[in-house]
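All values below come from the heavy atoms of this structure, side chains included, with hydrogens, waters and symmetry mates left out. Since the structure is predicted, the reported quantities are computational estimates derived from the model, not experimental observations. Every chain is numbered from 1 and lettered A, B, ... according to where its sequence line falls, protein lines coming before strand lines.
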Protein chains: 2
Amino acid sequence: MLSWIMEFDRMNSAGYLVNNMARLLVEVLRKRIAPLGIVPGQFPALLALWEKDGLTQKELLAMLDIEQATLANTLTRMERDGLIARKEHPADARARTIHLTEKGRSIRESAYQTAMQINEEVLADLSVEETRAFLGYMRRVIGRIKEVEHGS
Amino acid sequence: MLSWIMEFDRMNSAGYLVNNMARLLVEVLRKRIAPLGIVPGQFPALLALWEKDGLTQKELLAMLDIEQATLANTLTRMERDGLIARKEHPADARARTIHLTEKGRSIRESAYQTAMQINEEVLADLSVEETRAFLGYMRRVIGRIKEVEHGS
DNA sequence: TACTATTACATAGTTAGCTATGCAATGTTA
DNA sequence: TAACATTGCATAGCTAACTATGTAATAGTA
């Protein structure tokens, strides 16, 4: 019943630790990319659009790990923030193609560097070997969760 | 420029991986605890209240890793859901003490077991040694992020 | 004792995730 | 070709995190 018992408990729960780590990381990212005029939720979409511009929402969605409705809302905010523009699709009136604006294109390098820098800083206490193992564990656990999710 | 290059990239970003893992885990937890009438955000507060009931919001806050406003909103939803009741503090009219209802108390064991079960399942592919290392890495990285956050 | 500062908590407004559902355009088929 | 099914995207409504700010009540002090 001493308080360190609970502390111990949380510190040994993968669920607690990963949640805590994710929240801390996203706040670090938020602060560092604020000067670029973007927020963390826009990062994955930007990464994809920097790779290939002019995609439809559906094509973009296939490159990301979020739900369609989440992407639709994120794109609306990105349009509001002047990062992208949506044009009518030449062949399908339901669809719209998504294009980076000059602003969206221009921040590519700094955004990319910022993200790399954060990854580097937060992993600074781990050796190269430990980092490799850590990332590997996360990939394995993610794979396992996806199995668990759909009844393995 | 081939698509596996981007894939490779994301799969080697600690930030991406931890965010993805956290989201997947919270959705598994959400599904599993839904029958108990609780949601993931209520879990940390419940764990703390099961340890010690009748705390003030401030005392509860000190046991958790969220902001005060987040807790206040979570407590409001917990009250709405019949998990807790708030009573006037005997000595301080600003404060209120937080008490588990019978419902809040009764789900303790099943909630605890569910969380333990999920942790076990998602770590099933890792050996005892690997699990120990994985949790250790997360604790070290979390410590590092907290340093990074406040300068240093 | 009357100001002033601090404290405890609540509220407002934003991001970002989710599911469920709506709607218009396109495709399919009887 | 008219009816129905599917598709692409948007919207509604929820949780849960954040910061900033408001509002009483309490505490401290000139």
Expressed as a whole number of angstroms, how long is the span from [X]:[atom1] to [N]:[atom2]?
{"X": "B/Ile84", "N": "C/dC9", "atom1": "CD1", "atom2": "C1'", "result": "13 Å"}
{"X": "A/Leu71", "N": "C/dT19", "atom1": "CG", "atom2": "C1'", "result": "16 Å"}
{"X": "B/Leu83", "N": "D/dT15", "atom1": "CG", "atom2": "P", "result": "12 Å"}
{"X": "B/Met21", "N": "C/dG17", "atom1": "CE", "atom2": "C1'", "result": "18 Å"}
{"X": "A/Arg30", "N": "C/dT14", "atom1": "CZ", "atom2": "C1'", "result": "9 Å"}
{"X": "B/Met78", "N": "C/dA10", "atom1": "CE", "atom2": "P", "result": "13 Å"}
{"X": "A/Leu64", "N": "D/dC9", "atom1": "CG", "atom2": "P", "result": "13 Å"}
{"X": "A/Arg96", "N": "C/dT26", "atom1": "CZ", "atom2": "P", "result": "14 Å"}

Open item on the list: Testing the 3.5 Å rule here: is there a donor-acceptor pair between the side chains of B/Arg32 and B/Ser110?
Closed with: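 Absent: no donor and acceptor within the cut-off.
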- [ ] Tell me yes or no: between the side chains of B/Asn19 and B/Arg23, is some donor less than 3.5 Å from an acceptor?
- [x]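 Result is yes, a qualifying pair exists.
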Open item on the list: I'd like to know if B/Glu59 pairs up with B/Lys52 as an ion pair, taking the criterion as any Lys NZ or Arg NE/NH1/NH2 lying under 4.0 Å from an Asp or Glu carboxylate oxygen.
Closed with: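 The answer is no: the pair does not qualify as a salt bridge.
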TODO: Looking at every strand, decide which applies to B/Thr56 at a 4.0 Å heavy-atom threshold: base, sugar-phosphate, or nothing.
DONE: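 Sugar-phosphate only.
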Open item on the list: Are the side chains of B/Gln68 and B/Gln57 in contact, using a 4.5 Å heavy-atom criterion?
Closed with: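 A side-chain contact exists here, since the closest heavy-atom pair is under 4.5 Å.
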Task: Close side-chain approach of B/Tyr137 to A/Thr131, heavy-atom, < 4.5 Å - done: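 Side chain of B/Tyr137 against side chain of A/Thr131, heavy atoms only: no contact under 4.5 Å found.
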How close do [X] and [Y] get, heavy atom to heavy atom, and via which atoms?
{"X": "A/Gly37", "Y": "A/Gln42", "value": "O-OE1, 4.3 Å"}
{"X": "B/Leu100", "Y": "B/Asp53", "value": "N-OD1, 3.0 Å"}
{"X": "B/Thr56", "Y": "B/Ala95", "value": "CG2-CB, 4.4 Å"}

Task: Degree of bending, the helix from C/dT1-D/dA30 to C/dA30-D/dT1 (end axes from five pairs; round to 10°) - done: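 Computed angle between terminal axes is 20°.
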Open item on the list: Counting only side-chain nitrogens and oxygens, does A/Gln57 get under 4.0 Å of the OP1 or OP2 atom of D/dA10?
Closed with: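 So the side chain of A/Gln57 is within the cut-off, an N or O lying under 4.0 Å from OP1 or OP2 of D/dA10.
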TODO: List the protein contact pattern of nucleotides 17-27 of chain D with one symbol per nucleotide (5' to 3'): B for base contact, S for sugar-phosphate-only contact, - for none; contact means a heavy-atom distance under 4.0 Å.
DONE: SBBB----BS-
Task: Nearest to side-chain heavy atoms of B/Lys58, which nucleotide of C/dA10, C/dT7, D/dG8 - done: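 Taking heavy atoms from C-beta onward, the closest nucleotide is C/dT7.
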- [ ] Could you pick out which residue, A/Asp81 or B/Glu59, lies toward the 5' side of DNA chain C when each is mapped onto its nearest nucleotide?
- [x]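 With A/Asp81 and B/Glu59 compared, the 5'-side residue is B/Glu59.
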TODO: Check the angle between the aromatic planes of B/Phe134 and A/Phe134 and answer parallel, tilted or perpendicular using the 30° and 60° thresholds.
DONE: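 B/Phe134 vs A/Phe134 ring planes: tilted.
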